[in-house]
Amino acid sequence: MESDVRRYLADLVTVARSVLGDNLVGAYAAGSVGLDAYQPGRSDIDVALVCADPLPEDGKRALVAGLRHEALPCPARGLELVVYRRSVAASGTPEPGFEVELNSGGRMPFRATYAPRDRPLADGHFWYALDRSILHQCGHALLGAPAHEVFADIPPADLRRLLVDALTWWLALPTPPGDQPAAGAEDAVLGACRSLVRFRHGRWLAKTAAGRRVLADGDDADQVIERAIAARDGGTPPTGPQARAFQRRVLAEITPPA
């Protein structure tokens, strides 16, 4: 873990404890930090906090005020923080189930959401259960019990449905037509690889590692995957049509038969 990220996470836990007190029972690094794939200048810092009891409205707002970038500068592109009750984390529910969500950073639009019902459906409700599944496998405990003891995985049928929802959401995003490289197409391709590896092999991998695992499977989309991997280190990303074609193939494999 980068030293500035380590310091930031320690400060984040300190602020969270000062706001939530004994109600805070766990703090976990997720995302690229949890998957040991943090990339300075590119990655976000993903954190899940766990509380014993529901948060009152003033507690939610105090937590957002204390952790937003203007109060605690994030050394990455931004902070993506979600707070769950302990009972939700342990339930394996496919529902969002969060207490409060905060996105904030120097290169990230600010967003604070204080209940799942306030999260627009168009922004996706599948993220949270998938993130908790990743936490179950490889969350890095900053405070509290090991992540696999706190976060339950989600049942296979729910996982498959959420992976389909995620791929469908990605495919609905606008992308430039034609044969020009499309910014962000590498994340679309490698995100699809990560879903495919979880479906085929039952493991979550970081995006680049997932791309390499699909290549090792002998997938015949090797060119677009290799191009996506190279783009993570400054290479030319795939085109929009290339990314969409690969995503559709992955969606077809994951979608349950009618």
Side-chain angles (χ1 to χ4, degrees), residues 28 30-32 34-35 37 43-50 78-85 87-103 108-109 111-139 147 150-175 184-207 210-211 214 243-244 246-258:
Y28 302 87
S32 59
L35 289 162
S43 298
D44 305 324
I45 294 177
D46 298 88
V47 175
L49 300 180
V50 179
L79 167 69
E80 294 190 347
L81 176 122
V82 188
V83 184
Y84 300 105
R85 294 192 311 278
S87 58
V88 170
S91 70
T93 177
E95 300 303 319
F98 61 84
E99 292 290 299
V100 62
E101 177 184 31
L102 169 65
N103 291 355
M108 176 183 289
R111 168 183 274 182
T113 308
Y114 296 99
R117 64 179 178 273
D118 298 330
R119 169 87 177 184
L121 283 173
D123 291 344
H125 280 202
F126 52 83
W127 303 104
Y128 308 93
L130 294 177
D131 286 345
R132 293 195 299 269
S133 178
I134 295 173
L135 281 157
H136 171 77
Q137 177 192 297
C138 57
V150 175
F151 294 92
D153 208 349
I154 50 181
D158 288 331
L159 173 68
R160 191 171 186 175
R161 176 177 59 80
L162 292 170
L163 291 175
V164 168
D165 289 348
L167 283 160
T168 303
W169 183 87
W170 274 99
L171 279 164
L173 295 178
T175 188
E186 69 274 18
D187 286 329
V189 169
L190 296 178
C193 286
R194 181 157 67 183
S195 294
L196 190 57
V197 169
R198 181 62 176 84
F199 175 70
R200 287 178 176 174
H201 304 289
R203 295 288 295 172
W204 290 108
L205 297 179
K207 288 179 179 176
V214 175
R244 286 190 179 278
F246 180 71
Q247 289 172 295
R248 290 190 185 101
R249 288 176 51 195
V250 173
L251 179 60
E253 180 173 337
I254 292 177
T255 300

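Computed over heavy atoms, backbone and side chain alike; hydrogens, waters and symmetry mates excluded. Heads up: numbering here begins at 1 and tracks the sequence.
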Residues at least two apart in sequence or cross-chain that pass ring-ring contact (aromatic ring centres under 6.0 Å, His included) with F151, listed by chain then number, are Y28

Residues in salt bridge (charged side-chain N to carboxylate O under 4.0 Å, His left out) contact with D123, at least two apart in sequence or another chain: R111

Note: R203 and V197 closest approach over all heavy atoms is O-CG1, 3.6 Å

Restricting to salt bridge (charged side-chain N to carboxylate O under 4.0 Å, His left out), what partner residues turn up for R244, sequence neighbours left out? none

Between E186 and K207, does the salt bridge (Lys or Arg N to Asp or Glu O under 4.0 Å) criterion hold? Intermediate values first, please. CA-CA 9 Å; E186 69 274 18; K207 288 179 179 176; over 6 Å; no

Backbone N/O of A166 and side chain of W127: donor-acceptor pair under 3.5 Å: no

How long is the gap from SG on C193 to CD on Q247, to the nearest 0.5 Å? 10.0 Å

Going by ring-ring contact (aromatic ring centres under 6.0 Å, His included), name the residues that satisfy it together with Y84, two or more places apart in sequence or in a different chain. none

With sequence neighbours left out, the residues meeting side chain to side chain contact (heavy atoms under 4.5 Å, CB included) with T168 are V164, L251

With sequence neighbours left out, what residues match W204 under side-chain hydrogen bond (donor to acceptor under 3.5 Å, both in side chains)? S133

Under the rule for salt bridge (charged side-chain N to carboxylate O under 4.0 Å, His left out), what residues qualify as partners of R249, not counting sequence neighbours? D219, D220

How close do A129 and L162 get, counting heavy atoms only, and between which atoms? CB-CD1, 3.5 Å

By side-chain hydrogen bond (donor to acceptor under 3.5 Å, both in side chains), which residues pair with R161, not counting sequence neighbours? none

Heavy-atom distance under 4.5 Å between the side chains of V82 and D131, does that happen here? no

Are side-chain heavy atoms of L196 and L163 found at a separation under 4.5 Å? no

Return the NE2 to CD1 distance between H136 and I154, rounded to the nearest 0.5 Å. 10.5 Å

Distance in Å, N103 CG paired with L79 CG, rounded so as to fall on 0.5 Å steps: 7.5 Å

For E80, check salt bridge (charged side-chain N to carboxylate O under 4.0 Å, His left out) against everything at least two apart and list the hits. none

Which residues share a side-chain hydrogen bond (donor to acceptor under 3.5 Å, both in side chains) with Y128, sequence neighbours left out: E101, R119

Do R132 and T93 come close enough that some side-chain heavy atom pair is under 4.5 Å? yes

Kindly indicate whether the side chain of V250, heavy atoms from C-beta on, has any atom under 4.5 Å from the side chain of L167. yes

Between atom CG of L81 and atom CG of D44, what is the distance when rounded to the nearest 0.5 Å? 12.5 Å

Residues in side-chain hydrogen bond (donor to acceptor under 3.5 Å, both in side chains) contact with R160, at least two apart in sequence or another chain: none

A152 meets the side chain to side chain contact (heavy atoms under 4.5 Å, CB included) criterion, sequence neighbours left out, with none

Could you tell me which non-hydrogen atom of Y114 sits nearest to which non-hydrogen atom of V100, and how far apart they are? CD2-CG2, 3.7 Å

For residues L190 and G211, report the shortest heavy-atom separation together with the two atoms involved. CD2-CA, 4.0 Å

Determine the minimum heavy-atom distance between L135 and A48, stating which atoms define it. CD1-CB, 3.7 Å

Nearest heavy-atom contact between P96 and P116 is CB-CB, 4.1 Å

side-chain contact (heavy atoms from CB on, under 4.5 Å) between L35 and R194: does it pass, once the steps are laid out? CA-CA 12 Å; L35 289 162; R194 181 157 67 183; 3.6 Å; yes

